[in-house]
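Computed from a predicted structure; not experimentally measured. Every chain is numbered from 1 and lettered A, B, ... according to where its sequence line falls, protein lines coming before strand lines.
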Protein chains: 2
Amino acid sequence: MATKIRTERRTDALSKARIVEAAIEILDSEGEDALTFRALAARLSTGSGAIYWHVADKNDLLAAATDHVIAGVTADAVRGLRPQEVIRTLALGVFDAIHAHPWVGGQLSRNPWQDAVLRMLERIGSQVQALGVPERAQFNATTALMSFILGLAGQYAAGARVFPRHTDRSAFRKAFLETVAAKWAQLDPTEHPFVRQLATVLPEHDDREQFVAGIDLILAGMESVQ
Amino acid sequence: MATKIRTERRTDALSKARIVEAAIEILDSEGEDALTFRALAARLSTGSGAIYWHVADKNDLLAAATDHVIAGVTADAVRGLRPQEVIRTLALGVFDAIHAHPWVGGQLSRNPWQDAVLRMLERIGSQVQALGVPERAQFNATTALMSFILGLAGQYAAGARVFPRHTDRSAFRKAFLETVAAKWAQLDPTEHPFVRQLATVLPEHDDREQFVAGIDLILAGMESVQ
DNA sequence: ACCTGAACACCGTTCAAGT
DNA sequence: ACCTGAACACCGTTCAAGT
């Protein structure tokens, strides 16, 4: 009997992994709106219907792409750190992933039941437990952290939707924030005193620092309650 | 000269207010996906192009609808309460609005630069100020509260997308949570110990209580930091 | 000024037909 | 088993034409 010969139909045969990879390339380089089955099929040199053999629908595709990105964050085990620091590290990992792939933010906040969120929940929850939060408070504490993270995730995704693709994002971001700040500065002082004050710090603020500050606020709340 | 006679072209003349009202009716009764310009035009007995005379595009329409709902929350001034309680009341007002109009949740978290969010920011920020949070920490504290609220907003909107319209939402919700809990309970105990534990409390948990607990956690953090 | 509704340029998804 | 690509049933938006 002849030995089984590897008969790869072609080197670039379609697979869910290859489809997800191509989808991520489109999402990263051209933004959420650019991901269509037609564009994806063209990039993969196949018919649009072929994709449905490997992927249930667009939701499935986006969930798989999000999962692929978040898996890189939840995979690295952090050892020898205090629970607070593990939580901070995990959260910052998610933050950086969203910063690199803004569409992930929208996807996470739009679909909280996907695997990526489940894994974040597990990792963060176990640290909340390690922190000594009483059992009946662990649910609320963990989901509060998750909601905060997903809330900012959605906002960064919204921010990315504003900026043109293929361009220097940070420069456009700064210009955009300055426009918003200028608009806020012109609001009625008696009606919007606080937002007017925010306008003065808005353009210079650091997203990452703001994010950590929020995490620390919730962590401080957890410590004071237990 | 003849006195000016009110010559309303017809009682049901189109206006942005009427369009927004009809849009909210569709969104509430049939869900986000059911709001199309064709459906809206049919309900208003007009052509789909006519709507564009009063509304810039679909984004503008959704922002106006969201604004209309949130205006009802940020309008009522709360007096004689401690800042913590005002924040709790405001946040719960937003929560209840989202509970009544789940599509508002998605809209708020998807578009953080709209007027509705600005007004929430002003009301919450002024209370953070009244709480005695030092000025340089007010920005981070207020946006942390906002992110938490918007995060949960997005999640409730996602939840509503799962349930069929026109039906007893709370019954379907319970059934859905039980399905999720059952799936979580079957996860690998060594890999997902925390989520398996969450599964036992998931179906019985109270969204509103969970929401308040998160707000209180952040408030506690603000007190311990100042 | 405001409205009509056909037309345009797209979508996601399906499915008979191929290999 | 896997792929092709035309066809279907939609979208948001535009715009010549009407009143």
Practice task
Give the ring-plane orientation class for B/W103 versus B/H101, where under 30° counts as parallel, over 60° as perpendicular and anything between as tilted.
Solution key: perpendicular

Practice task
Could you tell me whether A/L35 contacts a base, only the sugar-phosphate backbone, or nothing, with contacts defined as non-hydrogen atoms closer than 4.0 Å?
Solution key: sugar-phosphate

Problem - DNA chain D base-pair string [pairs: Watson-Crick or G-U under 3.5 Å; |: paired with another strand] - result: ||.|||||...|||||.||

Handout entry: Rounded distance (Å) that lies between atom C1' of C/dA1 and atom NZ of B/K16
Key = 18 Å

Fill in the blank from the handout: Separation of C/dA1 atom P from B/L14 atom CG, nearest Å, is 17 Å

Exercise for the section: Check every atom of D/dG12, C/dA6, C/dG12 against the side chain of B/F37 and return the nucleotide holding the closest atom. Expected result: D/dG12

Practice task
Could you check how far CG of B/D33 sits from C1' of C/dC11, rounded to whole Å?
Solution key: 14 Å

Completion exercise
Sorted by chain and number, sequence neighbours left out, salt bridge (charged side-chain N to carboxylate O under 4.0 Å, His left out) with A/R173 holds for A/D207

Handout entry: Straight-line distance of A/L108 CG to A/M120 CE, nearest 0.5 Å
Key = 5.5 Å

Handout entry: Side chain of B/T36 (C-beta onward), nearest among D/dG12, C/dC11, C/dG5
Key = D/dG12

Handout entry: Listed nucleotide nearest any side-chain atom of B/A50, set D/dT13, D/dA7, C/dC3
Key = C/dC3

Fill in the blank from the handout: A/I51 atom CD1 is separated from C/dT13 atom P, nearest whole Å, by 11 Å

Problem - Sorted by number, the residues of residues 56-68 of chain A with heavy-atom contact under 4.0 Å to DNA chain C - result: A/D57, A/K58

Using distance only, find each side-chain donor-acceptor pair of residues 145-160 of chain B under 3.5 Å and give its atom names and separation, not counting sequence neighbours.
from   : atom 1 : to     : atom 2 : distance (Å)
B/S147 : OG     : A/Q155 : OE1    : 3.4
B/S147 : OG     : B/T143 : O      : 2.9
B/Q155 : OE1    : A/S147 : OG     : 3.4

Fill in the blank from the handout: B/E32 atom CD is separated from D/dC11 atom P, nearest whole Å, by 15 Å

Exercise for the section: Could you pick out which residue, A/G47 or A/R38, lies toward the 5' side of DNA chain D when each is mapped onto its nearest nucleotide? Expected result: A/G47

Handout entry: Nearest heavy-atom neighbours spanning B/L61 and B/A23
Key = CD1-CB, 4.0 Å

Exercise for the section: Kindly compute the distance separating CZ (B/F139) from CD (A/E204), expressed to the nearest 0.5 Å. Expected result: 10.5 Å

Exercise for the section: Quick one: list whatever passes side-chain contact (heavy atoms from CB on, under 4.5 Å) with A/A34, sequence neighbours left out. Expected result: A/I26, A/E30

Practice task
Indicate the ring-plane relationship of B/W113 and A/F176, choosing parallel, tilted or perpendicular according to the 30° and 60° boundaries.
Solution key: perpendicular

Handout entry: Protein-nucleotide distance (B/I19, atom CD1; C/dC2, atom P), rounded to Å
Key = 12 Å

Fill in the blank from the handout: Quick note, B/H54 side chain, CB onward, closest among C/dC3, D/dT13, C/dG12 is C/dC3

Handout entry: Qualifying residues under side-chain contact (heavy atoms from CB on, under 4.5 Å), relative to B/L90, sequence neighbours excluded
Key = B/V86, B/R123, B/I124

Exercise for the section: Output yes when at least one side-chain N/O atom of A/W53 is less than 4.0 Å from OP1 or OP2 of D/dC2, else no. Expected result: yes

